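Below is one structure, written out as structure tokens; comments come after it.
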Amino acid sequence: MVTAVGTLGKTYIVRDTDKFYYKDASVICFENYGKLCSEYLRYLMMSPYMETVIKDNSSGTTVGTITLVRANEYLIPLPPLAEQKRIENKELAVAFARKFSDFNDRQIKQLKDILKGGKS
């Protein structure tokens with residue numbers, strides 16, 4: 001579950017033993033169909049990369065909001081499952097997200113250069 005209104009991106013991993021009820025559009029519940037490493041994704045959501053993605057995609061409203069449409073457009077750095085399990089702690093997940101962000105920024109700059117007729 002991820003908070004989607006007001007305080008954005010706070011994450012809670014729902015366990016099989018949890019018993020609660022929610023009826024609020026202030027959270028988005030993601031089902032883990034792909035058998036992804038939940039701890040990795042939780043720490044990734046806390047990374048500066050994801051904080052920036054969330055902030056950049058929730059502006060223009062009075063109260064910050066993550067919509068399902070916007071959430072589906074997020075570019076998520078997702079290594080193979082074995083790598084996710086290896087980096088399922090906060091420091092490693094943040095470092096991985098930072099490397100992904102730097103790589104992504106370079107790719108965007110190269111694409112802009114190409115579109116302007118420059119060299120990559």
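Quick caveat, the model's predicted, so the values are computed rather than measured.
- When hydrophobic clusters are built by joining Ile, Leu, Val, Met, Phe, Trp and Tyr residues whose side-chain heavy atoms come closer than 4.5 Å, directly or via intermediates, I13 is not grouped with I76.
- Cluster annotation: L75 is connected to Y40 through the hydrophobic network of ILVMFWY side chains, with a link wherever side-chain heavy atoms come within less than 4.5 Å.
- The shortest non-hydrogen separation linking L68 to I28 is CD2-CG2, 3.6 Å.
- A 4.5 Å side-chain heavy-atom check between C37 and L81 finds at least one atom pair inside the cut-off.
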Working note: M46 + T11, criterion side-chain contact (heavy atoms from CB on, under 4.5 Å); need CA distance, chi angles, decisive distance, verdict.
CA-CA 8 Å; M46 295 164 37; T11 306; 5.7 Å; no
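- Between the N72 side chain and the V69 main chain, no donor and acceptor come within less than 3.5 Å of each other.
- Atom CG in L41 sits 6.0 Å away from atom CD in Q84 (nearest 0.5 Å).
- Across all their heavy atoms, G9 and I54 have their closest contact at CA-CD1, 3.9 Å.
- Taking every heavy atom of both residues into account, M1 and C29 meet most closely at CG-SG, 4.0 Å.
- Counting heavy atoms from C-beta outward, F30 and L36 have side chains that stay 4.5 Å or more apart.
- A pairwise comparison of heavy atoms in Y49 and P77 identifies CE2-CD, 3.6 Å as the closest pair.
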Mind running side-chain contact (heavy atoms from CB on, under 4.5 Å) on T3 and Y12 for me, showing each step along the way?
CA-CA 9 Å; T3 56; Y12 177 77; over 6 Å; no
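- Between V2 and I66, the shortest heavy-atom contact is CG1-CD1, 4.4 Å.
- A salt bridge does not link E51 to K10: none of the charged nitrogens lies less than 4.0 Å from a carboxylate oxygen.
- Between L44 and S47 the shortest heavy-atom distance is O-OG, 2.7 Å.
- A salt bridge does not link E73 to R70: none of the charged side-chain nitrogens sits closer than 4.0 Å to a carboxylate oxygen.
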